[in-house]
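Take a look at the structure below.
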Amino acid sequence: MSRNLLQAWQGARARLEAAGVPGPVIDARVLVEAACGVTRADIVGDPYREISPEKAARLDDYLERRIRREPVSHILGRRGFWNIMLGVTPGVLTPRPETEVIVDHALRLFPEGRSLRILDLGVGSGAILLAILAERPAARGLGVDVSEEALAVARENAANLGLAGRVALLRGDWTAGLAEAEFDLVVSNPPYIATDVIETLDPEVRVYEPRLALDGGADGLDAFRRLAPEILRVLKPGGRFLVEIGYDQRTAVETLFRGAGAVEVETLQDLSTHDRVVAGAKKPLETAV
Ligand code: GLN
């Protein structure tokens, strides 16, 4: 039986709702748009447009995958972040809106025009680094990741955004092999979930997202213990860092960075008013009196 757009959308919503999928209204609309190649305006403005059997079949496939709790970003293979669109695979952490706090703050700290060298540790899809580079034409960036699969995704995203000429992507173990005092800004969204907690997360994360990007060890802080001294080492004097943290990690992570010699250490909140990003600086060189 043929369906029109309105029926497809209502049917999709009902199926997701019945299956207990969180956020069924928005997911239904997004999946109808993708499966049928239409926009939100088409669904509202031309609701009785018939959809072809191929599109209906594609929608059914998307809905079945979503009901198995596959994230929408994996079904579509892309996700919007800040003001860029990123390709996403199961090999990278799907970019999340709370991570935009890092981008927002970085852009405030480094106004346009100045040359800027950025390092993104655990670059994943490239979300943070590419979002900043897209807005700062004089900036150059290095993204490091231990996962070749992530680097391939980041490379393709950089190319699609026309940023490949200003970004280098390297496989590495955090800052191993990088020279001292090279960067004006270091950003990172490292794995910070305690190993035991991963089992309690939604299936979208627990089943479908890479452990490597989530698992922060027994207390969730393993990556920060390594990153604090390493970030201070590779920053130029006066350089800044911004790292994403879990909502309950503020004191522990601030203490690690202060212990490594960082100054002006503070924690920024996300839009849900959760502690989300620890920011700070490497001490500037003493100026001669
Ligand atoms: N914020 C992510 C989550 O809660 C975790 C990201 C991370 O470990 N860096 O799923």
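Because the structure is predicted, anything quoted here is derived from the model rather than measured. Each ligand, and each atom within it, is numbered from 1 in the order the structure gives.
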Got the closest protein heavy atom to atom 4 (O) of ligand 1, with its distance? I193 CD1, 3.9 Å
Nearest to atom 8 (O) of ligand 1, what protein heavy atom do you find, and at what distance? Y192 N, 3.1 Å
Using a 4.0 Å heavy-atom threshold (strictly under), name the region of L201 that reaches ligand 1: side chain, backbone, both or neither. neither
Assess whether a salt bridge exists between D222 and R225, defined as any Lys/Arg side-chain N lying under 4.0 Å from an Asp/Glu carboxylate O. yes
Could you list the atoms of ligand 1 found under 4.0 angstrom from a heavy atom of P191? 8 (O)
For A213, atoms of ligand 1 separated by under 4.0 Å from a heavy atom: 7 (C), 8 (O), 9 (N)
Please confirm whether G246 comes under 4.0 Å of ligand 1, counting heavy atoms of the residue only. no
Given L268, L185, L242, D120, the one that forms side chain to side chain contact (heavy atoms under 4.5 Å, CB included) with I102: L242
Salt bridge check, R211 against E199: does any charged N sit closer than 4.0 Å to a carboxylate O? yes
Would L163 and L86 show up in the same hydrophobic cluster when neighbours are defined by side-chain heavy atoms closer than 4.5 Å? yes
Taking distance alone, with N or O pairs closer than 3.5 Å, would you say P190 contacts ligand 1? yes
With only distance considered, is R276 within less than 3.5 Å of ligand 1 through an N or O on each side? no
For E33, is there an ion pair with R29 - N to carboxylate O distance below 4.0 angstrom? yes
Within 4.0 Å of some non-hydrogen atom of L93, the atoms of ligand 1 are 6 (C)
Report the nearest protein non-hydrogen atom to atom 2 (C) of ligand 1: residue, atom name, distance rounded to 0.1 Å. R96 NE, 3.3 Å
Under a 4.0 Å threshold between the charged nitrogen and the carboxylate oxygen, would D104 count as salt-bridged to R108? yes
Pairing donors with acceptors under 3.5 angstrom, does anything connect the side chains of E98 and S272? no
